[in-house]
Amino acid sequence: MTTNGFLDEAITRGFVFQCTDIEALRAAMDAGPITAYIGFDCTANSLHVGSLVQIMILRLLQKHGHKPIVLLGGGTTRIGDPSGKDESRQLLTDKAIAANMVGIRRCFTPFLHFGDGPSDAMLANNADWLDQLGYIPLLRDVGVHFTVNRMLSFDSVRLRLEREQPLTFLEFNYMILQSYDFRELSRRHNVTLQIGGSDQWGNIVAGMELTRRTDAKAVYGLTTPLITTASGGKMGKTAQGAIWLTADRLSAYDYWQFWRNTEDADVGRFLRLFTDLPLNEIARLDALGGAEINEAKKILATEATALAHGAEQAALAAETARRAFEQGEAADTLPSVTVPHADLAAGIPAFRLFALAGLAASNAEARRLVRGGGARINDEPVTDEGQVISTAQMRDGAIKLSAGRKQHRLVRTE
């Protein structure tokens, strides 16, 4: 695999939204491997599929012989990125940030190979240098290269002000610190490319300009597109919550189901972005129509799940789904929830049980599910939202709940 093939494949697969100077970046890659980074703030103890495009482009970068750096925002998380936000983020304690950082690190190991080799991925923490900064030296060394006029034009600032939403001085400094990160990584690890989501364009350009002005070094920026579904929804947001990348936050089975439920119009695009399948095979699958598109969705689900959870868990999820959907079995490997035995023995209204099982985001949504004919218990339709479900409905130690044809839970007691 040659290093200069990265841009061509990234463009073909749909990873590139903007690039500051794509021909100059191509020339730099033609000359040999480069080092690139993406930053991830530590606002939760896992990442969800909203970050998966960033992870997959780092994977593609490494596939082509370049070195990816995962920058964890141990420092910048203490401020909070204002990009795309109508209000200030809740400030986290240092203890919470440290715990989140440990959790987030796990998200990358299935996708990237870490080590000491020239193209091995590495982790960095911007607290290592940001925590050492003195305020006056920062103003003199970095602040002099930023004009308030330019900072006010950045989308992350302008949109907040246009909506008359408060923007704290703390948040206003975020772009300066992100720019400092770019320069520091350039100095420490010879980084020449920063990659980020499309909402990071202004911050990336600011970091490029700081590095050019202070170090006279050419560096580049590249952004990925905002991924939405064909129907306009935000990628990774469901009624049941975020689609997390780690098994302690979301089971491999539920992860598989998320991809299996992809809209028909998104299958080809998601195969290109979220799997390693060859482009010619993706083109074949993308051309399928009618009922055959479901086979493409299963391949998408299995390939994507194998990357995040391993091939064994992906195959198990696919087989569990096959047994549940095609044979109507309450497979032991279906996701399960546990309720107190006394509560179930006394009886729980059907709508409440569906909400407790996570098949609806609220009691009201569970009621609508039943009214719409989408709820089943032990594969039998539920017609009364207030129907009392008890241990009498248990089969082989569990009750099987189904929301539509694709979401299932086993209810057990403790």
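Values in this document were obtained by computation on a predicted structure and should not be read as measured data.
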Does the side chain of Asp181 pick up a donor-acceptor pair with the side chain of Asn126 at under 3.5 Å? yes
I'd like to know if the side chain of Arg409 and the backbone of Pro335 have a donor-acceptor N/O pair within less than 3.5 Å. no
Asn378 side chain to Glu380 backbone, donor-acceptor under 3.5 Å: no
Rounded to the nearest 0.5 Å, what separation is found between the CG atom of Leu356 and the CD1 atom of Ile348? 6.0 Å
Rounded to the nearest 0.5 Å, what separates atom NE2 in His64 from atom CD1 in Ile34? 12.5 Å
Would you indicate whether the side-chain heavy atoms of Tyr180 and Trp129 approach each other to under 4.5 Å? yes
Within the 4.5 Å heavy-atom criterion, are Arg26 and Asp30 side-chain neighbours or not? yes
Of the non-hydrogen atoms in Met29 and Leu7, which two are nearest, and what is the gap between them? SD-CG, 4.0 Å
Would you tell me whether His145 and Glu209 have side-chain atoms, one donor and one acceptor, within less than 3.5 Å of each other? no
Please answer whether the main-chain N or O of Leu300 pairs with a side-chain N or O of Glu303 as donor and acceptor at a distance below 3.5 Å. no
Thr302 and Trp256: side-chain donor and acceptor closer than 3.5 Å? yes
Heavy-atom closest contact (Glu414 atom, Pro340 atom, distance): CG-CA, 3.9 Å
Given Arg188 and Glu184, is the salt bridge (charged side-chain N to carboxylate O under 4.0 Å, His left out) satisfied, shown in steps? CA-CA 6 Å; Arg188 292 185 180 217; Glu184 190 67 18; 2.7 Å; yes
On a heavy-atom basis, which atom in Met208 and which in Val219 lie closest, and how many Å separate them? CE-O, 3.4 Å
Does any N or O in the side chain of Ser179 come within less than 3.5 Å of the main-chain N or O of Met175, such that one atom is a donor and the other an acceptor? yes
Criterion side-chain contact (heavy atoms from CB on, under 4.5 Å) on His66 and Thr35, from CA distance to verdict: CA-CA 6 Å; His66 302 286; Thr35 302; over 6 Å; no
Tyr220 OH to Phe182 CZ distance, which is reported to the nearest 0.5 Å: 10.0 Å
Evaluate the side-chain proximity of Leu279 to Thr12: yes if any heavy-atom separation is below 4.5 Å, no if none is. yes
Is it true that Arg13 and Asp276 make a salt bridge, defined as a side-chain N closer than 4.0 Å to a carboxylate O? no
Quick check: does any side chain N or O of Asp128 sit under 3.5 Å from a backbone N or O of Ala124, one acting as donor and the other as acceptor? no
Is the closest side-chain donor-acceptor distance between Lys67 and Asn190 under 3.5 Å? no
More than 12 foreign heavy atoms under 6.0 Å from CD of Glu312: is that the case here? no
Does the side chain of Leu222 come within less than 4.5 Å of Ile57's, by heavy atoms? yes
Side-chain donor-acceptor contact under 3.5 Å, Asp41 with Thr76: yes
Just one of Leu185, Leu123, Ile38 clears the side chain to side chain contact (heavy atoms under 4.5 Å, CB included) bar with Leu71, so which one? Leu185
Backbone of Leu250 reached by a side-chain donor or acceptor of Asp254 within 3.5 Å: no
Atom CZ in Arg249, atom CG in Leu47: separation rounded to 0.5 Å? 10.5 Å
Determine, for Phe351 and Arg367, whether the Lys NZ or Arg CZ falls below 6.0 Å from the six-membered ring centre while staying within 45 degrees of the axis. yes
Quick one: side chain to side chain donor-acceptor pair (under 3.5 Å) partners of Thr224, sequence neighbours excluded? Gln54
Does the Asn125 side chain pair with the main chain of Gly74, one donor and one acceptor, at a distance under 3.5 Å? yes
Taking only residues at least two apart or on different chains, which pairs with a member in residues 104-120 satisfy side chain to side chain donor-acceptor pair (under 3.5 Å)? Arg106-Asp248, His113-Asp120
Determine whether Leu58 and Tyr37 make a side-chain contact, defined as any pair of heavy atoms from C-beta on separated by less than 4.5 Å. no
Measure the acute angle between the ring planes of Trp259 and Phe270, then classify it against the limits of 30° and 60° as parallel, tilted or perpendicular. perpendicular
Contact check, side chains of Gln387 and Ile389, non-hydrogen atoms, under 4.5 Å: yes
Derivation and outcome, side-chain contact (heavy atoms from CB on, under 4.5 Å), residues Val411 and Ser336: CA-CA 6 Å; Val411 177; Ser336 64; over 6 Å; no
Hey, does the side chain of Glu319 reach the backbone of Ala315 with a donor-acceptor pair shorter than 3.5 angstrom? no
Answer yes or no: is there a donor N or O on one side and an acceptor on the other, between the side chain of Thr223 and the main chain of Gln18, under 3.5 Å? yes
Run the numbers on Val142 and Arg183 for side-chain contact (heavy atoms from CB on, under 4.5 Å), then give the verdict. CA-CA 10 Å; Val142 177; Arg183 189 182 73 172; 3.9 Å; yes
I'd like to know if Glu9 and Lys63 make a salt bridge, using a cut-off of under 4.0 Å between side-chain N and carboxylate O. yes
Show, in sequence, the C-alpha distance, side-chain angles and deciding distance for Ile104 and Asn45, and conclude whether the side-chain contact (heavy atoms from CB on, under 4.5 Å) test is met. CA-CA 6 Å; Ile104 286 174; Asn45 66 357; over 6 Å; no
Heavy-atom pair of closest approach, residues Ala350 and Val382: CB-CG1, 4.0 Å
CD1 of Ile243 to CG of Leu52, rounded to nearest 0.5 Å, is 11.5 Å
Throw together a table of side-chain donor-acceptor distances under 3.5 angstrom for residues 92-99, partners on residues two or more places apart or in other chains.
| unit_1 | atom_1 | unit_2 | atom_2 | d |
| --- | --- | --- | --- | --- |
| Thr93 | OG1 | Ala96 | N | 3.1 |
| Asp94 | OD1 | Arg78 | NE | 3.4 |

Can you find a side-chain donor-acceptor pair between Gln200 and Gln178 that sits under 3.5 Å? yes
Regarding His408 and Ser402, do their side chains bring together a donor and an acceptor under 3.5 Å, going by distance alone? yes
Taking the side chain as every heavy atom from C-beta outward, state whether Leu210 and Ile176 have any atom pair closer than 4.5 Å. no
CG (Asn100) and CZ (Phe40) are apart, to the nearest 0.5 Å, by 14.5 Å
Which atoms form the tightest heavy-atom contact between Arg260 and Ala301, and what is the distance? N-CB, 3.7 Å
Looking at Thr211 and Gly207, would you say the former's side chain and the latter's main chain have a donor-acceptor pair under 3.5 Å? yes
Answer whether the closest heavy-atom distance between the side chains of Leu285 and Ile282 falls below 4.5 Å. no
Test salt bridge (charged side-chain N to carboxylate O under 4.0 Å, His left out) applied to Asp286 and Lys297, Arg269, Arg272, the passing residue: Arg272
Heavy-atom closest pair, residues Pro110 and Leu307: CB-O, 3.1 Å
